[in-house]
Amino acid sequence: MGESTQKSIGEALPKAFDSQKQEVNIYAEWEKRKFFSPETVADLLKKQGREVKHSFTITLPPPNANDDLHLGHMAGYAYHDAFGRFYRMSGHPTLLLPGKDHAGIQTEAVFVRVLARQGIDKWEIGRDEFNKRCYEYSTNAAKIAQAQEKRIGLSADWDREFFTLDPRLTEVIYKTFEDMYADGLIYRGKYIINQCPHCRTALADIDTEHKEMRGIFAYILYPFADEADNDRAEEVLGHRGVMVATTRPETMLGDTAIAVHPEDERYRDFIGKKVIIPIAKREIPIITSEEIDMSTGTGALKVTPAHSPIDFEIRNKHNEENPDSPIDILNVIDETGKMTGDIPERFKGMGTIECSKALVQELDKAGLLEKIENIKHDVSVCERCDTPIEPIVSNQWFVDVKPLAKRALEELDKGSVKVIPKGQQNALKHFYENIIPWCISRQLWWGHRIPVWYSGGRDLHDWLNDHPGSTVEDYEKETGNKVQGTGKVLVSDEKPETDPDWQGKPEDLLLEPESDVFDTWFSSGQWPFSTLGGPDGEDFKKYFPTQYMIHARDILFWWSARMIMFSLYRTGQVPFNTVLLTGLIFGTDGKKMSKSRENGIPPKEILSKYGADALRLWYYTDALPGANAPLQEDKIKGNRHFVNKIWNASRFVLMNIYPDEVPAIADELDNLQSVWQGTSADSDADDRMAQQKRFHQNMMTHYKENRLHLVANGVREHFWGVFADKWIEDVKNEIQGKSIGDPQRVKVLSELLFLLMQNLKVMHPLVPFVTESVWREFAGAGIIADDRWLIVEDLEA
RNA sequence: GGGCGACUAGCUCAACUGGCUAGAGCACCUCGUUUACACCGAGGGGGUUAGGGGUUCGAGUCCCUUGUCGCCCACCA
C-alpha cells in the first residue's frame, strides 16, 4: 500500500446511496441537458460519429388529470422508461411522448363531488363556468402527476406534453369525425343505450360492469282481452290469462307485447291474441320470437322495448318481419331514472324501485300476483359510479366500428400488431369479431363538444329520423312547431354561416349546436397520431408509426383496440407493432387496490423509504406481462439493498484509485475498449472480459425480447454474485501490497473499473439513478470526459 | 353460457424454442467486526412443480383428464 498521504477518489463518497437526494438531482441534470429530446440524441449520435438509427417512439398513456397517480401508474412508467432508455442507449433517437387525459365522465364526476363539498351545484354555475373551473382543477392535477412521473425517472420529452383537450389535438379529432361522417361511418340514431341515472349520460356497453345483486322475480298474470281466450287459457294454462315472470315489474307500464317461442305448445293457441296489461290497462298482442327460452320463468316474456336490450331486439326483428303489425316503443323511464310517459298519474316521478313496490302491492290486491321469488342476478352498473344502469331508448351518435374492426383483424392476422402476453391477443381478436356499434355521445359538459349543428334544431332532426319518409312540413303539421331549417346536420366546429339547402329567409334559419360531448376514448383513441400533429404533422413523419404501446391489461379494449382502428382509418397504418400489457399492482392483501380497503401504500412513502430505483427493480421482476403483482414491501426493500450494493461496489473501486493513477487508468480504459470489442462471447475463455461479454449479450437479447424480468434477475445474479462477490474479492488479493502507481495494480484496477462501467451500462435502463450517479463520479474524477453521461452512452460498444 | 389464464420452497414469484443437481428475493438456522457495503460476508435447511394419465432418450415446460382459483366477455327475462 502506498505511503502517500493523498486521498483516494472514493474516499469522500457516502456509505449508502442517498436516493432521496441523488435521484432528484440527477433527474434535473438530465432535463437541463435535454437528453429526453430525440433531436438532442440524434445530434449527439452524429457528434460521436455513431450511427443514427430509426427513431424509437412510445406515446405514453395519459393518466387521468383528476387525482394523484397511484403506484400502478408510476410503476407502469418505469416499464416505458426502461425500454426508452434501452433504445436511446442503443442509438435510436427516442421519443417518450407524455400527456394527460381530460377523462370526460370520470373527471366530471370527481369535480362534481369537489364542488359539492363547497356547497356548489353544477347546474347552478352552468356549463361554461363549470368547464372553466374544471379546467383549472385538471391543470393542477396534471402538474402533480407530472412531478410524480419525473420522480420515477421517466425520461419523457416534456416539451411535447399534451393535454387531451389541447386545441391542436381537437383539430385532428374533429377532422376524424368529419371524415367518418362523410364516409357514413358515423350516424345519429335511436337505440337502446345504457343510461347512468346518476351521471345522467349515455354509456357504451364497455363502460358498464356486471355485478351480482339481489333481486326479485315476480310472476304476474296478464288477462286476455277476450273472455273466450281466458276460458281456453284456464283449460290449457291453468289460469285466466298469460303469466309472465319479471325481475322488473315497473317496466310493465312500458310493455308493448308478450313474446313466446313459436314452438311452445302451451301458447300455440294464443299467438296473435291480445292481453291486457294490469293496472296500465292497455291491450298488447302476443307475438313469437326465436329468442325466447321456453324453460325460463313461464316461457312468456313481457316485451318492454324501451327498457330492455333484448326486448328492443325482439321488437325490431318482429317489425321487420311483420311490417303490417308493428310493435311500439314506449318510454316510461326518463334519463334520471324516474317514471314518466304515458302511465297512470300516481306513478309519475317515482323511482323505479319505488314504483316496482307500489305495483307489486296493487297487483297483489287485484289478485294478479302469483308469487315473488328472491333471486340473485347480474345487473349492469356504471363503471365510474357503480349506479345500476337504466336501459333507455334515445337518440345518440354512433360509430359503425364493424368495418374498422375488420381492417384491424386483418392486421392482427398478418402479424403487424402483436399483443404480449399472447393470450390477450386472442381476447382482442374476439373483441373485434363481436364488436357492436359504439355509442360516442355523452350528455356531459366536460369534453370535446361534438362538432355538429342542427339546421332547424335537434328536435326536428330527431323527429325526421324517427319518422322515415316524412318531411319538414309533416313535422310542422304534427307538432305545431315552426320549421326553422332543413333538419339536416352540418358538421362544423364553428357555427356555419348558413345552411346552403335552406330555402327560407336567412333570418328564420335556426342553427342549433350539439350539446353532447365525445366519449373520452374517441379522443384518446387517436393519441398516437394526434399528438404527432396528425397525419400531416412534421413529427408524424419522423415518429410514426410508434414502436410500443404499453399499458395495464384492463384497458386493452377501450384503448389499444380503438387506437388500432382509428389509426388504420386515418393513417392507413397500425399505430404500433407491439402492445405490451403490464401487470396490475394489487394490494398487500392480494386484492385490487382501493382506498376503502386500505390495502395500498402511497407512492410517496415507498419512494422516500426505498427510492425510485428500488421500486422500479421490484416492478420489473414481479409485475410480469399479464400477471398481477401483490405489493410486498419486503421485496422492494430487498431491491433497495441491491441498489445500495451497486453503489458500494462502485465505491470500493473508486476508493482504490488515487488521483495520480487516473491518467494511466484512462489510457488503459481505451485499450480495454478495443480488447472488449475483439472479445468473443462464444469463446470458452473464462477470463473476466469473456464472462462479462457473455452476460452482456444475454442481457441484450432479453431486452430486445421484452423480458425485463430476466434482465433484472440476470443483473442481480451477475453483479452481486460474480462482480461483487468474486471479482472484487479476487482483485483485493491481486493488488495487495502493491503501491500506488504500480503498473500491475493499475492494470488490474483498470480492468475492474472497465467491467464496472459495462455493468452500469447494462443496468442503467432499469436503475437509471444509481448508475448515473456513479458514472458522474467517474467524470468528476477525470477518469472519463466530463461531457459523458451514462444515459446516452453506447450500450452496444 | 363463451373466452383467457393460473396452480412450482413458509410467503411472493422465476425458469426464453422440452435438456446439467427446478432458481431468486423475503423469512428461517449456523458461523463471521476481513481494503466497499450489517442495506454485509461464508455456509445451511426447506420442493413427488395441484391430482391422475399419455407422448418422448429426456416433461415444470407438449397432449388428455379431474380439481381449485382468478380475470374478461355475454340480453337468460
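Keep in mind it's a predicted model, so treat the numbers as computed, not measured.
Looking at A:F642, A:F723, A:W727 one by one, the single match for ring-ring contact (aromatic ring centres under 6.0 Å, His included) with A:H718 turns out to be A:W727.
Judged purely by distance below 3.5 Å, without hydrogens or angles, the side chains of A:D205 and A:W438 never pair a donor atom with an acceptor atom. Side-chain contact check for A:D328 and A:T256: no donor-acceptor pair (N or O, by modelled atom type) lies under 3.5 Å. Defined by atom type and a distance below 3.5 Å, a donor-acceptor pair is present between the side-chain atoms of A:N648 and A:R651. Inspection of the A:N194 and A:D207 side chains reveals no N or O donor paired with an N or O acceptor under 3.5 Å.
Contact annotation for A:K15: backbone-only contact, meaning every heavy-atom pair under 4.0 Å involves sugar-phosphate atoms and none involves a base. Backbone-only engagement by A:R716 is indicated by non-hydrogen atom pairs under 4.0 Å involving sugar-phosphate atoms exclusively. Within 4.0 Å of A:E313, counting heavy atoms only, lies no atom of the nucleic acid at all. Using a 4.0 Å heavy-atom distance criterion, A:F557 is classed as a sugar-phosphate-only contact. Heavy atoms of A:I292 sit under 4.0 angstrom from at least one base atom. Nucleic acid contact class of A:A649 (heavy atoms, under 4.0 Å, all strands): base. If you check every strand for non-hydrogen atoms under 4.0 Å, A:A724 touches a base. Within the 4.0 angstrom heavy-atom criterion, only backbone atoms of the sugar-phosphate kind lie near A:D634; the bases stay farther away. Among the protein residues, A:T296 comes within range of the nucleic acid bases, having at least one heavy atom under 4.0 Å from a base atom.
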Tabulate atom names and distances for all N/O pairs under 3.5 angstrom spanning the protein and nucleotides 41-43 of chain B.
unit_1	atom_1	unit_2	atom_2	d
B:rG41	OP1	A:K645	NZ	3.3
B:rG41	OP1	A:W720	NE1	2.3

Can you check nucleotides 16-23 of chain B for protein contacts, nitrogen or oxygen pairs under 3.5 Å, and list what you find?
unit_1	atom_1	unit_2	atom_2	d
B:rC16	O2'	A:R707	NH1	2.8
B:rC16	O2	A:R707	NH2	3.2

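In this structure, A:W521 and A:W558 have tilted ring planes: the angle between them lies in the 30° to 60° band.
Applying the 3.5 Å distance criterion, the base of B:rA74 shares a donor-acceptor pair with the side chain of A:D378. With hydrogens and angles ignored, no donor-acceptor pair under 3.5 angstrom links the side chain of A:E11 to the base of B:rA36.
The distance from the CE atom of A:M549 to the OG atom of A:S560 is 6.0 Å, given to the nearest 0.5 Å.
The side chain of A:K732 approaches B:rA36 more closely than any other nucleotide in the set B:rC37, B:rA36, B:rU12. When distances run from any side-chain atom of A:Q632 to the nucleotides B:rG25, B:rU35, B:rC75, the shortest one goes to B:rG25. Closest approach to the A:Q736 side chain among B:rC73, B:rU35, B:rC4 is made by B:rU35 (side chain taken as heavy atoms from C-beta onward).
Remark: A:K211 engages A:D386 in a side-chain hydrogen bond (donor to acceptor under 3.5 Å, both in side chains) (not counting sequence neighbours).
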